[in-house]
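The block underneath contains the structure these notes are about, expressed in structure tokens.
Every number for a ligand or one of its atoms is a count from 1 in the order of the listing. Along the sequence shown, the residues carry numbers beginning at 1. Reckoned from all heavy atoms, side chains included, excluding hydrogens, waters and symmetry mates. As the structure is a computational prediction, the values presented were derived from the model and not from experiment.
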Amino acid sequence: MLRRVLMRRAYNAGRWDAARTHASHLLSRPSEQTLARSVIVRSYWNEGRFQELVDCTKEWHDELSHSYREQAIDRLKVTGGAKKLTMMKEEKLQRLRDDQPQPKVPINWSAEHMDANFSQEGSRVWFRYPEGYVFWDMPSDYDLQSTHPALLCLTAEVLLSPWISSSKSPLPKGRTLGERASLSFSAGTDSTAAAAVMGDSTLLGYHRRSFDSMLDHRNAERLINHLNSTGEREVLSISSNHELIRTNHGKPVGFSTDFACASHLLLLADHFDLGAIGFGMPIDNTYLWKGRKFRKFEETQYYTYWTKRFAQAGLDLLFPVSSISEAGALMVVKASPWLEHLNSCMRGDGVKGCGRCWKCFHKNGPLGRKMDPHSKEIQILLNKMPLRTAQHALWAIQKLKLEHLVPHLSDELKSPLDWWEEAYRPGLDLIQQPWRDIVQERTEKWLPYMQEEKMLQCVNLFPQYPV
Ligand SMILES: [Zn+2]
């Protein structure tokens, strides 16, 4: 009994080795075996020790062990198979990093004073990190000197926190909330829905990758040009190469953290007197864990930690579409005057989507746009378990009447999923005042509220697969 308590305590505290030691003592007791196995399997999983997980579950045939084992085998295949590719990719990324511009005057890296890692040359802002430099090309009247150090430190944190713990140090005090709201804007469906529900004066900040890649900016530019030329919204495009930082840590080009996509807005917060930065994260990424299991988002460490950090830099961290699902976002953009200028497909030609990618399936398909559900990518992803962006994908399958293509999902598709298009009222409570009123008014204009909030609160799809 005591052993069981100690095991649970160790597990909950993330002391995986200790939890496994206790569990291994309990394995021989039939009444404790299931729990002990699950602790061993889950702790190996949490540590990413997939080979050990596979080795120890060879003779375990219960459902949970089997499911984790299959997943671990998959992970090993991915990492094992990707190694050669990684070598090639690594070299390519190294060349890309070598090709990047450097500041005229070098900066010394400081792990203690994050704000000392920034400098300005003309309109270019440089950031020194341990492995090199990245930059942003700012508006010509931008002045780094008049930017509060808390904003610089928070910028460093969103770029480096996965690797540099000192970037999480207390922030310099004293920045007060500005007057204007802003939104980290990708020009995709979710962030366009976020722009539509936020006030007209919201500054939209588009991050533009400064180097060439597979990413096609043309679809995004079409919408940005429309918004700027009609004056319906102000969109600012800032070029930067900060997506290269994480390539030093074996990762592909991309954002260091979920909030790195707003690093330009953090740096510009004093310049534009910003009091809030919004992120177009729909319910799929907030209340649903990995798009398939409900959680109380406001109680997650992720939400509480980052909300506090932004507040310490004089900014409200906003989730303007936290009451709206990906399907709701589609309904909002459909009702907005921007639909014809918008396309989420990243492989499109600047006007249309490719019709063959997963984005075309679950974003363009339900909008009535041409899409081939038999394309290779869509077929693979429809048959992959657990289904990616599960709740939304199930809704899309129903909306497109494609149930016959996925007989293995018949249980999940039994009841109608129309509720997924509606707004989740409690999501609005996450939005701070004074920004909430307009978001609420506009959300209500376009979407009815879910009558049965339980439908969302009970979502737990494919529970046999670990989230
Ligand atoms: Zn596409």
Side-chain angles (χ1 to χ4, degrees), residues 85 89 184-196 206-209 211-227 235 237 243 252-255 261 280-285 290-292 321 324-336 338-406 409 417 420-421:
L85 217 149
K89 264 197 176 157
S184 169
F185 185 65
S186 72
T189 319
D190 301 332
S191 74
T192 303
Y206 179 73
H207 160 79
R208 192 184 167 89
R209 205 176 264 184
F211 49 90
D212 284 338
S213 69
M214 295 286 284
L215 202 126
D216 195 317
H217 288 278
R218 284 179 301 174
N219 271 339
E221 272 162 6
R222 212 155 51 92
L223 177 60
I224 292 169
N225 291 341
H226 172 79
L227 293 172
V235 194
S237 284
E243 288 180 272
V253 171
F255 296 126
C261 57
M281 286 188 205
I283 291 176
D284 312 58
N285 308 111
K290 299 263 171 86
R292 64 185 164 96
V321 288
I324 301 177
S325 69
E326 278 196 60
L330 287 172
M331 297 304 132
V332 169
V333 298
K334 205 171 170 180
S336 81
W338 303 333
L339 179 65
E340 58 174 310
H341 308 282
L342 169 93
N343 203 308
S344 287
C345 176
M346 305 236 190
R347 300 180 209 160
D349 59 0
V351 181
K352 284 193 197 116
C354 71
R356 293 180 304 275
C357 72
W358 189 241
K359 279 220 186 220
C360 279
F361 169 71
H362 70 89
K363 303 265 199 202
N364 281 337
L367 286 172
R369 290 173 175 168
K370 219 171 149 194
M371 177 273 304
D372 175 14
H374 298 282
S375 85
K376 200 172 158 199
E377 177 175 329
I378 295 170
Q379 274 301 309
I380 287 175
L381 289 172
L382 279 177
N383 287 292
K384 194 172 183 308
M385 290 294 276
L387 186 62
R388 191 191 282 189
T389 54
Q391 183 59 51
H392 181 71
L394 289 169
W395 169 85
I397 291 165
Q398 238 179 34
K399 190 88 182 167
L400 295 163
K401 299 189 171 46
L402 294 174
E403 289 92 335
H404 60 284
L405 292 180
V406 285
L409 298 174
L417 299 171
W420 180 243
E421 295 170 26

Around R209, counting heavy atoms of other residues, nucleotides and ligands shown, do more than 12 lie under 6.0 Å from its CZ?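 Yes.
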
- Item | M346 atom CE, neighbour heavy-atom count above 12 within 6.0 Å |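 It does not: M346 CE has 12 such atoms or fewer within range.
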
Checked the Zn ion (ligand 1): protein N, O or S atoms closer than 2.8 Å come out as C345 SG, C354 SG, C357 SG, C360 SG

I'd like to know if E377 pairs up with R347 as an ion pair, taking the criterion as any Lys NZ or Arg NE/NH1/NH2 lying under 4.0 Å from an Asp or Glu carboxylate oxygen.
yes

For I378 and P373, the nearest pair of non-hydrogen atoms, with its separation, is CG2-O, 3.6 Å

Carefully, step by step, assess E326 and W395 under the rule side-chain hydrogen bond (donor to acceptor under 3.5 Å, both in side chains). CA-CA 10 Å; E326 278 196 60; W395 169 85; over 6 Å; no

| message | If we ignore hydrogens and angles and just use 3.5 Å, is the side chain of S237 paired with the main-chain N or O of R208 as donor and acceptor? | response |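 The answer is no, because no donor-acceptor pair under 3.5 Å joins these two groups.
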
